[in-house]
Amino acid sequence: MLLLRKNIYKIFWVIVFVGIIAVLFRLTLLDLIFKPLIIPALLAAVMLRSENTRGRNKIILALVFSFLGDVFLQFENRGQYFFIAGLASFLVTHIFYIAYFYQIKQSGPSPAKNYPFIPVIIALYTFGLLYLLNPYLGELKIPVIIYACIISIMVYLGLCIPYKVGKITSRLFVTGAILFVVSDSLLAINKFYSSFSAAPVLIRLTYCVAQYFIVKGFIKKRY
């Protein structure tokens, strides 16, 4: 167990690397095996490297629903219901991250306080992306709009986390939240607007780094 605890991050990055190779070279079977291992590795990191502190269950539940989302999205080519199930799973993931970020929101300097125009930027970005995608969403228009609003709240609350939890921790949370938005934006553009060859690798990489940073922030937090 001590050996696993010591090497869990290395195991995670090996899983990520093999998964990206599988995506890059379209090794479908290898991807089917390794993609569902991404989140369990991070769950193991939380279990092994953090204490049962306030908010731990929210992080664990966020990761559980992320795992479900990953599994559902692997089969989205078999029907729209799999994509909807994946979207719903990640929606719940972001709700748990919102609950966690809000829980540790305290007084003191934070990125959001230092740069008060941040909410405007987030709102403009969300509106611009939805405006771009709107003609192509069809029956998924309402679910995608709801999802976009929820993830916008998540990234804003990530930016509200004060520096006093630890500057490195704060940066990990902020970067993780922003990369999650980048990953979901790339996925949405690739699916609804215009597919591009680099999308699968970029989506996977930004998603994995986003989840890793949020988990690492939780493990390193100081409050």
Side-chain angles (χ1 to χ4, degrees), residues 16 19-20 23-24 26 31 35 38-39 62 65-66 68-99 101-102 111-112 114-161 171 173-214:
V16 172
I20 288 175
V23 171
L24 191 60
R26 299 181 181 179
D31 189 38
K35 186 180 180 184
I38 295 167
I39 297 303
F65 278 95
S66 293
L68 293 174
D70 284 344
V71 172
F72 285 131
L73 290 181
Q74 280 191 298
F75 301 101
E76 64 174 304
N77 60 340
R78 298 189 180 183
Q80 187 166 278
Y81 291 112
F82 284 101
F83 179 78
I84 294 172
L87 190 72
S89 298
F90 279 111
L91 181 70
V92 176
T93 289
H94 293 309
I95 289 172
F96 278 115
Y97 280 147
I98 285 170
F101 289 162
Y102 185 79
N114 287 352
Y115 306 99
F117 51 83
I118 279 176
V120 177
I121 293 175
I122 294 172
L124 288 174
Y125 178 82
T126 304
F127 177 80
L129 183 63
L130 289 173
Y131 181 81
L132 177 71
L133 299 176
N134 182 58
Y136 312 98
L137 295 176
E139 295 177 353
L140 292 175
K141 183 180 293 186
I142 299 302
V144 170
I145 289 173
I146 292 171
Y147 186 91
C149 292
I150 292 295
I151 197 171
S152 297
I153 295 170
M154 185 276 291
V155 74
Y156 173 69
L157 288 179
L159 288 159
C160 288
I161 294 172
R171 288 168 185 162
F173 282 137
V174 168
T175 308
I178 291 172
L179 284 175
F180 221 137
V181 172
V182 171
S183 180
D184 283 349
S185 299
L186 290 171
L187 189 152
I189 290 168
N190 185 64
K191 181 176 180 61
F192 296 112
Y193 182 70
S194 177
S195 60
F196 54 103
S197 58
V201 171
L202 291 174
I203 292 165
R204 179 69 60 86
L205 183 61
T206 50
Y207 169 71
C208 291
V209 177
Q211 293 277 31
Y212 172 78
F213 279 175
I214 292 173

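Nothing here was measured: the structure is a model prediction, and the numbers come from that model. Below, all heavy atoms of this structure are taken into account, side chains as well, without hydrogens, waters or symmetry copies.
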Have a look at V201 and tell me which of L24, T206, L186 forms a side-chain contact (heavy atoms from CB on, under 4.5 Å) with it.
-> L24

Rounded distance [0.5 Å steps], CG in L130 versus OG in S152 = 7.5 Å

State the CG-CD1 distance between L87 and I84, to the nearest 0.5 angstrom.
-> 8.0 Å

Applying the side-chain contact (heavy atoms from CB on, under 4.5 Å) test to I153, which of I95, I98, T126 qualifies?
-> I98

Identify each donor-acceptor pair in which a side-chain atom of residues 70-81 lies under 3.5 Å from a protein atom, sequence neighbours left out, and give them as a table.
{"unit_1": "D70", "atom_1": "OD1", "unit_2": "Y207", "atom_2": "OH", "d": "3.1"}
{"unit_1": "D70", "atom_1": "OD2", "unit_2": "Y207", "atom_2": "OH", "d": "3.0"}
{"unit_1": "Q74", "atom_1": "NE2", "unit_2": "D31", "atom_2": "O", "d": "3.3"}
{"unit_1": "E76", "atom_1": "OE1", "unit_2": "K191", "atom_2": "NZ", "d": "3.2"}

Which atom names give the shortest non-hydrogen contact between P200 and V23, and what distance separates them?
-> CB-CG1, 3.4 Å

Between I118 and P111, which heavy-atom pair has the shortest distance, and what is it?
-> CD1-O, 3.5 Å

So how far is it from S89 OG to H94 NE2, rounded to the nearest 0.5 Å?
-> 11.0 Å

How would you list all residue pairs meeting ring-ring contact (aromatic ring centres under 6.0 Å, His included) that involve residues 122-145, not counting sequence neighbours?
-> Y136-Y193

Once you round to the nearest 0.5 Å, how far does CG of L187 lie from CZ of R204?
-> 11.0 Å

pair N134-V144: side-chain heavy atoms closer than 4.5 Å = no

Shortest non-hydrogen contact between C160 and A112, atoms and distance | SG-CB, 3.8 Å

Contact check, side chains of V155 and I151, non-hydrogen atoms, under 4.5 Å = no

Answer with yes or no after comparing the ring centroid distance for F90 and Y147 against a 6.0 Å cut-off, counting only values under it.
-> no

So which heavy atom on F196 is nearest to which on N190, and how close?
-> N-OD1, 3.1 Å

